[in-house]
Structures are given as structure tokens and as C-alpha cells.
K.L.:
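Below is a structure I'd like to ask you about.
Side-chain atoms are counted along with the backbone in the values below, which use heavy atoms only and exclude waters and symmetry mates. Every chain is numbered from 1, with letters handed out A, B, ... down the list of sequences.
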2 protein chains.
Amino acid sequence: MPPSSRVTIRDVAAAAGVSVATVSKVLNNRYGVAAETFARVTTVIEELGYEASLVAQSLRNHRTNVIGILVADIEPFSTELLKGAADAIRGTGFELVVYSAGGRTGDPQGWERRYLTRLSGTLVDGAVLVTPAVDLEGLPGTPVVAVDPHTGRSPLPTVDSDNLHGGQLATEHLLSLGHRRIALLTGREDLKSAQQRETGYRRALAAAGVPVHEDLILRGDYDHDIAARSAHELLKGLDRPTAVFAANDISAIATIETALELGLRVPDDLSVVGFDNIPESALCSPPLTTVQQPIREMGRRAITLLVKLIDGEMPDETHITLGTDLVIRRSTARLS
Amino acid sequence: MPPSSRVTIRDVAAAAGVSVATVSKVLNNRYGVAAETFARVTTVIEELGYEASLVAQSLRNHRTNVIGILVADIEPFSTELLKGAADAIRGTGFELVVYSAGGRTGDPQGWERRYLTRLSGTLVDGAVLVTPAVDLEGLPGTPVVAVDPHTGRSPLPTVDSDNLHGGQLATEHLLSLGHRRIALLTGREDLKSAQQRETGYRRALAAAGVPVHEDLILRGDYDHDIAARSAHELLKGLDRPTAVFAANDISAIATIETALELGLRVPDDLSVVGFDNIPESALCSPPLTTVQQPIREMGRRAITLLVKLIDGEMPDETHITLGTDLVIRRSTARLS
DNA sequence: TTGAAAGCGCTAACAT
DNA sequence: ATGTTAGCGCTTTCAA
């Protein structure tokens with residue numbers, strides 16, 4: 001590669017017959033440049049198609065006006081979140097840059113930390129983390145907001161949604177339809193969201209005075225195949241549940257598919273409620289009653305919060321939990 | 001310890017009692033460092049949690065091992081493409097960084113150019129452009145691959161899909177079902193893809209000896225509401241078409257919705273074929289027969305091509321057009 | 001084996 | 001109003 005083909009500030013200075021300092025002043029609209037000089041430099045900049053190097057600027061100024069958003073992978077959840085973030089960033093004067101770990105396997109924990117350290121203070125003024133981990137408490141000087149952190153309560157500013165209440169909502173909905181044998185397909189055991197959804201389920205049953213049958217609680221793991229197997233286990237017998245609360249959308253779909261394979265009609269023979277990880281609009285066949293997470297709003301709020309942090313304002317709250325809603329589509333039916 | 005300042009190479013050097021040069025050598029595994037020194041420096045690096053600044057490295061080395069991917073907005077198409085790109089980047093030694101214009105309105109053309117110029121030679125070794133425009137022919141020294149460029153044949157290396165053939169496939173499918181009055185809801189007039197889909201439609205009809213009725217060709221604009229209005233126009237009368245080819249998925253869905261509102265059964269009374277811009281898995285109700293673009297594969301190929309370009313290899317081809325396939329789901333029926 | 005020094009492209013004091 | 005200069009954090013000769 002020709003390494004020297006880039007137009008630099010020196011080329012501009014030379015072509016305009018001024019010093020680099022003057023060009024810099026023009027670039028940054030600093031005072032102390034004659035109108036005539038200003039015009040000449042501007043012309044040369046246009047002609048040469050010059051743009052200042054982001055890198056050099058970053059190195060010099062410690063402010064970059066860039067916000068980084070680190071996602072574990074590009075999938076529907078993170079995508080939806082990115083949209084919200086992109087929404088919110090408009091008009092803030094910041095740019096958004098997305099770093100994806102690409103779902104890489106090795107180095108599962110350290111990735112965010114490494115990246116963040118390499119970028120912070122230089123390339124980004126702050127970051128939104130959409131990756132599970134984060135024990136980044138001690139990261140120097142770089143504001144960070146964690147979205148839906150998967151491990152316990154984090155010391156970082158956080159935006160998440162109310163999985164506990166969501167689990168309750170889903171279960172209460174099924175209870176209100178008259179169901180009493182309500183199964184649960186759990187989520188990934190290592191994630192807080194899954195635990196909370198399960199807690200919500202248990203609480204709702206308890207509150208309704210319905211005993212929890214542990215044999216109606218099976219692993220779903222947020223995974224299609226595992227959920228399908230569990231669903232099969234659940235539904236094959238005659239003592240099958242009349243309703244299933246699946247801890248996410250994938251497993252809800254797997255449940256419905258399995259039910260249909262077993263000759264059960266949904267929702268007539270089996271009611272299913274899921275929990276969205278992907279936005280409503282993308283949720284496919286069959287239409288499903290789910291608990292909806294405000295994913296985009298989470299992205300928006302994360303940016304808003306982060307911008308405040310970067311600007312040194314005191315935000316009203318640093319741990320934001322957004323509500324979840326039950327969205328009734330077509331797959332639940334009153335128990336006859 | 002100053003809490004808000006970054007750990008730099010000098011801090012490491014000081015703590016280890018060596019010069020920055022030595023630390024740099026350790027970082028980059030250069031020869032000429034005593035094993036004992038190496039160990040000591042390594043230890044200090046760990047202790048301090050030091051990571052080299054990406055920015056400073058970029059400024060020094062002209063190689064960054066980062067590939068930038070510029071998207072106009074985060075939406076299903078670009079997302080799917082990102083996934084493919086993320087796939088392909090694994091094992092190449094490059095990182096992927098996504099820049100989103102956030103669908104911004106002002107500065108509609110210049111965005112890519114500006115960004116690219118600011119990044120190139122410094123922050124990225126090359127870029128994939130997923131934005132409409134691009135007359136970036138003269139960009140010095142930075143390899144660029146355009147994906148699905150919307151304006152004519154580009155001088156840049158390009159990856160796209162065969163919209164012409166796709167249009168033919170869709171139309172031929174409807175013809176093969178016995179349809180003769182086949183309407184077209186066009187796409188955005190300014191985009192090459194839309195023109196090609198229309199051309200495919202016209203050619204297929206011509207090849208089958210079916211005359212083209214211009215009043216069966218209405219604007220769809222890749223837009224839900226516009227397409228819905230046109231569909232209404234098309235379907236309200238008694239001389240309505242028996243089939244519709246919609247230039248993208250959005251307008252196909254709009255067509256089906258409109259048809260249902262008008263009391264037409266789909267596919268019994270009306271066959272609809274669409275053209276996917278979003279991946280199959282995300283395509284919602286109602287299940288739709290579509291022409292499928294290999295979006296992920298486009299992302300993969302773009303990266304592969306770009307990596308070759310960056311490494312100075314001569315790629316076999318610089319203009320890659322991938323095939324499109326007809327995916328038959330449930331919304332087409334033989335004309336009775 | 002190690003370190004001093006130059007410089008990547010840029011900005012901001014501090015001259016002039 | 002303009003230019004000179006000193007770095008930002010890093011890598012890389014080249015000399016010690």
C-alpha cells in the first residue's frame with residue numbers, strides 16, 4: 001500500500017502558503033485568521049479534499065465526541081438496541097461507533113475490558129456495554145453504561161428492564177386464563193435475566209396460591225433445540241401442563257413447534273407465553289403472546305445517561321430499570 | 001494515583017525501571033530484550049492493567065488491522081450484512097468496527113466520503129460501504145468495497161446480488177402458476193436495484209409473450225404506506241390483477257394487508273411474490289413467497305474481497321454478483 | 001541488551 | 001495575523 005497518499009494538514013499548509021498552525025485555526029474556527037487567508041485555506045482544503053485525521057485529533061485533544069458501543073455479537077437484540085442508541089445520539093454532537101466481539105469464544109470475559117482500555121481516553125469519550133460480563137468498576141476516567149448486565153447488580157451505571165415483573169406478568173396472564181398447571185422453560189442459568197424471570201414465575205404462582213411443581217420447570221437455556229427437547233418431555237404425557245411460560249422467544253417458538261408436532265393445537269390445547277428478546281416487528285410466525293422488553297428505549301436511555309456522565313452532569317439515577325409489558329397476540333386461550 | 005488518567009507506556013516504563021522503547025519491544029515481541037527484563041515488564045503491564053492506545057499505535061504504524069464498515073443506518077438489511085461480515089472477519093486478524101450514519105438527513109451524499117477520509121490511513125486499513133452513494137473513485141490508498149451500490153456501475157470493487165435475475169424469477173414463478181395479469185409494485189426509482197427488478201419483470205413477461213400493461217405497474221417506493229395505497233388502487237376494481245410482484249418485502253406485506261382488507265383471500269384470490277431485503281428468519285407473518293437475497297453471504301464476500309485488497313493480493317474478480325433464489329412459502333397459488 | 005531521539009498528524013501556547 | 005514549537009502515546013532506527 002502507498003502509505004503516504006493521505007492528504008495531511010502540511011500539504012494544505014504548503015499549498016496555501018501558510019503554516020500548519022494557521023490551517024488548524026481555520027479548521028477549528030479559531031480567532032486570529034484574516035478573512036482573506038481563511039478563504040484561501042478553505043479553498044485549498046476543498047480542492048485537496050482534505051479531512052483532518054480523527055486519530056491525530058484524538059491523540060491531541062482528549063475529547064473525541066465519539067461514543068463507543070460494545071456488543072457481544074450482532075444479533076436481533078443488540079441490533080434493536082443499536083437503533084435506539086442511534087436515535088438518541090442524534091443532536092448530541094456525538095458520533096456512534098459499534099464494536100462487535102463477533103461472538104468470539106476465546107477470551108470470553110476480558111474482551112470488553114481490553115477493548116475499552118484501548119479505546120478510552122483516546123478514541124471514545126465513553127462507552128455503552130451490551131455484553132454480559134463487566135466487572136469494570138475500576139476503569140479510570142471513562143464513563144461507561146452497562147445495558148442489561150447479566151451478572152448481579154453492577155457497580156456501573158446500568159439500564160435494564162424489569163425481568164422480574166415480566167415473569168410475573170406472563171404467569172399472571174396464564175393464571176387469569178384459568179390455567180393451573182403452568183410449566184416453565186427456564187433461560188440460561190448464568191444470566192440474571194433468566195433467574196429473575198423464574199423468580200417472577202414462582203412469585204406469581206405463590207401469590208395465587210398455586211403450588212409450584214418442580215417437575216414442570218425444565219431447562220430452556222434460551223436455546224431452540226434444548227427448549228424443544230424439554231418441551232417434548234413436558235408435553236408428551238397425559239399429565240401435560242395446559243400452559244407454558246417460556247423464558248424467551250426462541251424457546252416459546254420451539255415449544256409451539258413441538259406442540260404442533262405432537263398434535264396439540266395452539267392455543268386451543270396449550271397456551272404459550274414467551275419473553276421477547278427481539279423486537280415485536282421481527283417476531284415471526286406463529287404470533288405469540290409475549291412479555292415485551294423496551295429494547296430500543298433501553299438503547300436510548302443508555303445513550304442519554306452516558307452523555308450526561310460524559311458532560312459531567314449528575315444524572316437523576318444511575319440504575320434505570322424500564323418496565324415490561326404483556327403483549328397479547330394470538331397464542332393464548334382461556335382454559336375451557 | 002490520579003484516578004482519571006490513562007495508564008501509558010511511560011507509566012509502565014517508570015514502574016519497571018526501563019525505557020519506553022523497551023516496553024514497546026516487549027509489547028510487540030521484538031528481539032533484543034533480556035528474558036528477565038521481559039518478565040519484569042510483563043508483570044508490570046499486568047499489574048497496571050496497561051493496554052496500548054489504539055490511537056497512538058494507529059498514528060505511528062500505518063497498519064491498524066481494523067476494517068471499518070459504514071452503514072447508512074442500522075436496519076435489518078445492514079444488520080444481516082454485518083453478521084456475514086462478522087463471520088468472515090474471524091481468523092483474518094482484523095477487527096471490525098461499524099460506523100452508522102444513523103440515517104441522518106443532512107449531508108446525505110458526503111457522509112461516506114467524509115468519514116472514510118477521516119479514518120483512512122489511520123484508523124482503518126480498509127472499508128466496506130453499505131451506503132447508497134459513492135463516487136469515491138479517487139480515494140487515495142484506502143481499499144474500499146461497496147456493497148449493493150445503488151447508483152449504476154461503480155468503479156469501486158463491488159459485491160451485490162442479481163436483482164435482474166431475481167425480478168425474472170419472481171415473474172416467471174407467477175407466470176408458471178398460470179397468471180397473466182401480473183401487477184408490479186416498483187421500488188425506489190433512484191435505486192439501481194429497483195430498476196433492475198422492474199427490468200426483470202418486463203423481460204420475463206416479454207419472454208413469455210405476455211404484454212406489459214403499464215397500468216399494472218404502480219409505485220411502491222419500498223415504502224409500506226405508498227405501496228399500500230398503490231395496492232388499493234390496483235385491487236379495488238373488478239379488473240384487478242390475479243398476481244402481484246412487489247419489489248420488496250415491505251411492499252409485499254402491504255399488498256397482502258390491503259388485499260385482506262378488501263376481502264380478498266391470499267393466496268386464493270391473489271398471489272403475491274415479494275423480494276426480501278430482510279433475512280428469511282425475520283420475515284414475519286404472513287409467510288410470503290419471495291426472492292431471497294444472499295445478504296449474509298454478501299457481507300462475507302465483501303470482507304474476503306477487502307482483505308485481499310488490503311493485503312495487496314489480486315482478487316479473482318472485483319465485481320461480485322451473487323445469485324438470488326426464489327423461496328416459496330405459502331402465499332402463492334396456482335390460478336384456478 | 002538497552003535507551004535516546006525522531007516523528008506519525010494534529011492543536012495550543014507562546015512567540016513574532 | 002501568522003509562525004514556531006512542544007508535545008499527545010507510540011514505534012523504530014541508531015547509538016551506547
Side-chain angles (χ1 to χ4, degrees), chain A residues 1-41 44-45 48 50-65 117-125 140-141, chain B residues 2 4-41 45 48 50-65 117-125 140-142:
Chain A
M1 292 194 305
S4 59
S5 43
R6 200 194 146 82
V7 180
T8 77
I9 197 173
R10 298 163 66 126
D11 302 325
V12 176
V18 296
S19 74
V20 294
T22 303
V23 177
S24 176
K25 282 170 194 159
V26 171
L27 283 173
N28 300 285
N29 274 307
R30 295 275 173 280
Y31 294 104
V33 181
E36 199 262 329
T37 311
F38 188 96
R40 186 152 35 94
V41 171
V44 172
I45 287 176
L48 266 48
Y50 169 77
E51 294 283 347
S53 158
L54 210 55
V55 167
Q57 281 185 325
S58 298
L59 189 57
R60 216 13 255 232
N61 310 338
H62 275 206
R63 174 78 173 226
T64 62
N65 292 320
T117 317
R118 300 202 68 186
L119 300 171
S120 69
T122 44
L123 240 198
V124 299
D125 295 335
Chain B
S4 61
S5 103
R6 208 194 137 79
V7 179
T8 76
I9 197 172
R10 298 163 66 124
D11 301 325
V12 176
V18 296
S19 74
V20 294
T22 303
V23 177
S24 176
K25 283 170 193 159
V26 170
L27 283 174
N28 299 286
N29 275 309
R30 293 278 173 278
Y31 295 105
V33 181
E36 197 262 328
T37 311
F38 189 97
R40 184 153 36 93
V41 171
I45 287 176
L48 266 46
Y50 169 76
E51 295 282 348
S53 158
L54 210 53
V55 166
Q57 281 185 326
S58 298
L59 190 57
R60 237 340 277 231
N61 311 337
H62 274 204
R63 175 79 172 225
T64 62
N65 292 321
T117 318
R118 300 202 68 188
L119 299 171
S120 70
T122 44
L123 239 198
V124 299
D125 295 335
T142 303

K.L.:
Can you check whether A/Ser19 has a side-chain N or O nearer than 4.0 Å to OP1 or OP2 of D/dT4?
P.N.:
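No, outside the criterion.
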K.L.:
Does B/Arg40 form a side-chain contact (heavy atoms from CB on, under 4.5 Å) with B/Val18? I'd like the steps, not just the answer.
P.N.:
CA-CA 10 Å; B/Arg40 184 153 36 93; B/Val18 296; 4.0 Å; yes
K.L.:
A/Leu48 CG to C/dG9 C1': how many Å, rounded?
P.N.:
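To the nearest whole Å, that distance equals 15 Å.
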K.L.:
With a 3.5 Å distance limit and no angle check, can you tell me whether A/Arg6 reaches the backbone of B/Thr117 through a side-chain donor-acceptor pair?
P.N.:
yes
K.L.:
Below 4.0 angstrom from OP1 or OP2 of D/dT11, is there any side-chain N or O of B/Asn28?
P.N.:
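Yes, because at least one side-chain N or O of B/Asn28 sits under 4.0 Å from OP1 or OP2 of D/dT11.
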K.L.:
C/dT2 phosphate, OP1 or OP2: any side-chain N/O from B/Tyr31 under 4.0 angstrom?
P.N.:
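So the side chain of B/Tyr31 is outside the cut-off, no N or O lying under 4.0 Å from OP1 or OP2 of C/dT2.
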K.L.:
Whole angstrom is fine here: how far is it from CG in B/Asn61 over to P in D/dG9?
P.N.:
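Whole-Å distance recorded here is 16 Å.
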K.L.:
How is B/Tyr50 classified with respect to the nucleic acid when contacts are heavy atoms under 4.0 Å: base, sugar-phosphate, or nothing?
P.N.:
sugar-phosphate
K.L.:
When rounded to the nearest 0.5 angstrom, what distance separates CG in A/Asp125 from CZ in A/Arg63?
P.N.:
5.0 Å
K.L.:
B/His62 has a side chain; which of D/dT2, C/dG9, D/dC10 sits nearest to it?
P.N.:
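Among the listed nucleotides, the one closest to the side chain of B/His62 is C/dG9.
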K.L.:
Considering only D/dC10, D/dT4, C/dG9, which nucleotide approaches the side chain of A/Ala56 most closely?
P.N.:
C/dG9
K.L.:
Under 4.0 Å, heavy atoms only, any strand: does B/Ala21 hit a base, just the sugar-phosphate, or nothing?
P.N.:
base
K.L.:
Is a side-chain N or O of B/Asn61 found less than 3.5 angstrom from the main chain of B/Ser58, in a donor-acceptor match?
P.N.:
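Flag not set: sc B/Asn61 to bb B/Ser58 has no pair under 3.5 Å.
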K.L.:
Checking B/Ser24 against B/Ile9 for the side-chain contact (heavy atoms from CB on, under 4.5 Å) test, could you report, in this order, the C-alpha distance in whole Å, the side-chain angles of both residues, the deciding distance, and whether it holds?
P.N.:
CA-CA 8 Å; B/Ser24 176; B/Ile9 197 172; 4.0 Å; yes
K.L.:
So if I take every side-chain heavy atom of B/Ala34 and compare against C/dG9, C/dT1, D/dG3, which nucleotide ends up nearest?
P.N.:
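Looking only at heavy atoms from C-beta outward on B/Ala34, the closest nucleotide is C/dT1.
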K.L.:
In whole angstroms, how far is the P atom of C/dG9 from the CZ atom of A/Arg6?
P.N.:
8 Å
K.L.:
With respect to the phosphate group of D/dG9, does any side-chain polar atom (N or O) of B/Gln57 fall under 4.0 Å of OP1 or OP2?
P.N.:
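Answer is no, no contact under 4.0 Å.
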K.L.:
To the closest 0.5 Å, what do you measure between OH (A/Tyr50) and CG (A/Leu27)?
P.N.:
5.0 Å
K.L.:
Nearest nucleotide by nearest heavy atom, which residue falls closer to the 5' end of DNA chain C, B/Leu59 or B/Lys25?
P.N.:
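Per heavy-atom nearest nucleotide, the more 5' residue is B/Lys25.
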K.L.:
Separation of A/Leu54 atom CG from C/dC8 atom C1', in whole Å?
P.N.:
15 Å
K.L.:
Taking the side chain of B/Thr37 as heavy atoms from C-beta outward, which of C/dT1, C/dT11, D/dT12 is closest to it?
P.N.:
C/dT1
K.L.:
Quick one: B/Arg10 CZ to C/dA5 P, roughly how many Å, whole number?
P.N.:
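That distance rounds to 13 Å.
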K.L.:
Over how many whole Å does the gap from A/Leu123 atom CG to D/dC8 atom C1' extend?
P.N.:
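Going from CG in A/Leu123 over to C1' in D/dC8 covers 13 Å.
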K.L.:
Which is more 5' along DNA chain C, the nucleotide nearest B/Thr22 or the one nearest A/Ile9? Just name the residue.
P.N.:
B/Thr22
K.L.:
Using a 4.0 Å heavy-atom cut-off across all strands, classify A/Val18 as base, sugar-phosphate, or nothing.
P.N.:
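Counting heavy atoms under 4.0 Å across all strands, the contact made by A/Val18 is with sugar-phosphate only.
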K.L.:
Does A/Arg30 place a side-chain N or O at less than 4.0 Å from the phosphate oxygens OP1/OP2 of C/dT11?
P.N.:
no
K.L.:
Find which nucleotide of DNA chain D each of B/Arg60 and A/Val20 is nearest to by heavy atoms, and output the residue with the more 5' nucleotide.
P.N.:
A/Val20
K.L.:
Take the protein atom CG of A/Leu27 and the nucleotide atom P of C/dG9, then report the distance between them rounded to whole Å.
P.N.:
15 Å
K.L.:
Report which part of the nucleic acid A/Ser24 touches: base, sugar-phosphate, or nothing (heavy-atom distance under 4.0 Å, all strands).
P.N.:
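Since a base atom lies under 4.0 Å of A/Ser24, the category is base.
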